[in-house]
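Contents: one structure, followed by commentary.
Reckoned from all heavy atoms, side chains included, excluding hydrogens, waters and symmetry mates.
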Amino acid sequence: PGVGGHGMGDTSRGRIYRLAPKGQQGYKTPPFDLESDAGLTLAFLSPALSVRSLATLKLIEQGDGALPLLEKLAASTDPLRRARALWLLGRLEKGRSHILASLQAQEARFRILAIRSLKQNASADFLRLVRPLLNDSDPQVRRELLVQLRDVTGPEALDAIVGLAGKYDGHDRWYLEAIAIASRGREGAVFQALAKSWQAALTPAANGI
């Protein structure tokens with residue numbers, strides 16, 4: 001029977017087709033071990049999402065007991081290992097120092113990772129922790145801050161949004177959309193604050209906003 005669309009008739013069973021080179025003896029699922037650090041590390045770095053998810057859940061279950069393994073991975077020069085480890089370290093109170101250190105990482109993508117982690121795991125102190133990045137030289141980082149400020153309220157958040165919006169170059173469409181996301185529900189206040197700085201000189205950036 002059909003397996004999709006309006007003609008679907010295979011509702012109680014399914015099939016997986018696997019294409020392989022001629023002579024291939026079939027697929028073999030590599031074994032994985034979630035009980036040893038070595039096996040857990042391999043599973044955590046697996047390209048198979050199912051295996052990686054099991055390893056991730058196991059590490060979360062270990063809590064602070066996973067710190068040594070995660071800290072070792074976070075010290076790696078491999079950006080993939082480092083990023084995966086940092087994301088889980090951000091969930092642990094004792095791992096927070098690694099995320100705070102990443103706010104000063106040389107690579108913008110790791111500063112962005114730190115912003116996202118802090119918003120998810122330290123939302124109460126989010127603005128205070130990321131304040132040093134409000135003047136970051138990379139527009140991707142500032143854009144991420146704008147998106148994450150979308151539901152942060154209060155005058156300090158408004159000032160941060162206005163400051164970040166003032167750094168729009170008039171050309172980066174993604175940055176402009178991030179300003180809109182951050183301003184949702186307080187468009188008038190953001191616009192009035194920006195308009196004061198524009199005075200009579202309307203630049204391409206001002207016109208874009």
Report, one line per pair, each donor and acceptor closer than 3.5 Å where one atom sits in a side chain of residues 175-182; sequence neighbours left out.
unit_1, atom_1, unit_2, atom_2, d
Y175, OH, R142, NE, 3.3
Y175, OH, L164, O, 2.6
E177, OE2, R173, NE, 3.0
E177, OE2, R173, NH2, 2.7

Only distances under 3.5 Å count here; give the side-chain donor-acceptor pairs of residues 90-97 to other protein atoms, sequence neighbours excluded, each with its distance to 0.1 Å.
unit_1, atom_1, unit_2, atom_2, d
R96, NH2, N121, O, 3.4

What side-chain donor-acceptor pairs closer than 3.5 Å can you find for residues 47-56, not counting sequence neighbours?
unit_1, atom_1, unit_2, atom_2, d
R52, NH1, S46, O, 2.8
S53, OG, L49, O, 2.8
T56, OG1, R52, O, 2.8

Kindly list each side-chain donor-acceptor pair under 3.5 angstrom involving residues 30-37, sequence neighbours excluded, with atom names and distances?
unit_1, atom_1, unit_2, atom_2, d
D33, OD1, E35, N, 2.9
D33, OD2, S36, OG, 2.6
S36, OG, G39, N, 3.0

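Note on L70: it does not cluster hydrophobically with L42, by side-chain heavy-atom contacts below 4.5 Å among ILVMFWY residues. A single hydrophobic cluster is seen to contain both L100 and L134, as judged by linkage of ILVMFWY side chains at heavy-atom distances under 4.5 Å, directly or through other members. No single ILVMFWY cluster, assembled from side-chain heavy atoms under 4.5 Å apart, contains both V147 and I112.
Shown here for L118 and F126, the closest heavy-atom pair between the two residues is C-CD1, 3.9 Å. Between L40 and Q62, the closest heavy-atom pair is CD2-NE2, 3.7 Å. Nearest heavy atoms, L89 versus E71: CD2-CG, 4.2 Å. The shortest heavy-atom contact between L86 and A74 is CD2-CB, 4.2 Å. A114 and I99 get closest at one heavy-atom pair: CB-O, 3.6 Å. The two atoms that bring Y168 and G208 nearest to each other are CE2-CA, 4.4 Å, heavy atoms only.
Qualifying side-chain contact (heavy atoms from CB on, under 4.5 Å) partners for E107, counting only residues two or more places apart in sequence or in other chains: R82, R109, F110. Listed by chain and residue number, L45, L69, L73 satisfy the side-chain contact (heavy atoms from CB on, under 4.5 Å) test with T41 (two or more places apart in sequence, or in another chain).
Under a 3.5 Å cut-off, the side chain of E187 and the backbone N or O of G185 do form a donor-acceptor pair. No donor-acceptor pair under 3.5 Å is formed between the side chain of D64 and the backbone N or O of L67. Although no hydrogens or angles enter the test, the distance criterion places no donor-acceptor pair under 3.5 Å between the side chain of S123 and the main chain of Q120. Judged by distance alone, the side chain of S102 and the main-chain N or O of A105 form no donor-acceptor pair under 3.5 Å.
Taking 4.0 Å as the cut-off between side-chain N and carboxylate O, E156 and R131 count as a salt-bridged pair. Comment: D136 does not engage R143 in a salt bridge, judged by the lack of any side-chain N to carboxylate O separation of less than 4.0 angstrom.
Counting only N and O atoms by type, the side chains of E144 and Q140 include no donor and acceptor under 3.5 Å apart.
Atom CG in L146 sits 10.0 Å away from atom NZ in K167 (nearest 0.5 Å). To the nearest 0.5 Å, atom CZ of residue R150 and atom CZ of residue R186 are 11.0 Å apart.
No side-chain heavy atom of D151 sits under 4.5 Å from any side-chain heavy atom of R184. Contact check for K58 versus F44: no side-chain heavy atoms found under the 4.5 Å cut-off. For the pair I161 and V152, the minimum side-chain heavy-atom distance is 4.5 Å or more.
For CD of Q104, the number of neighbouring non-hydrogen atoms (other residues, nucleotides, ligands) closer than 6.0 Å is 12 at most.
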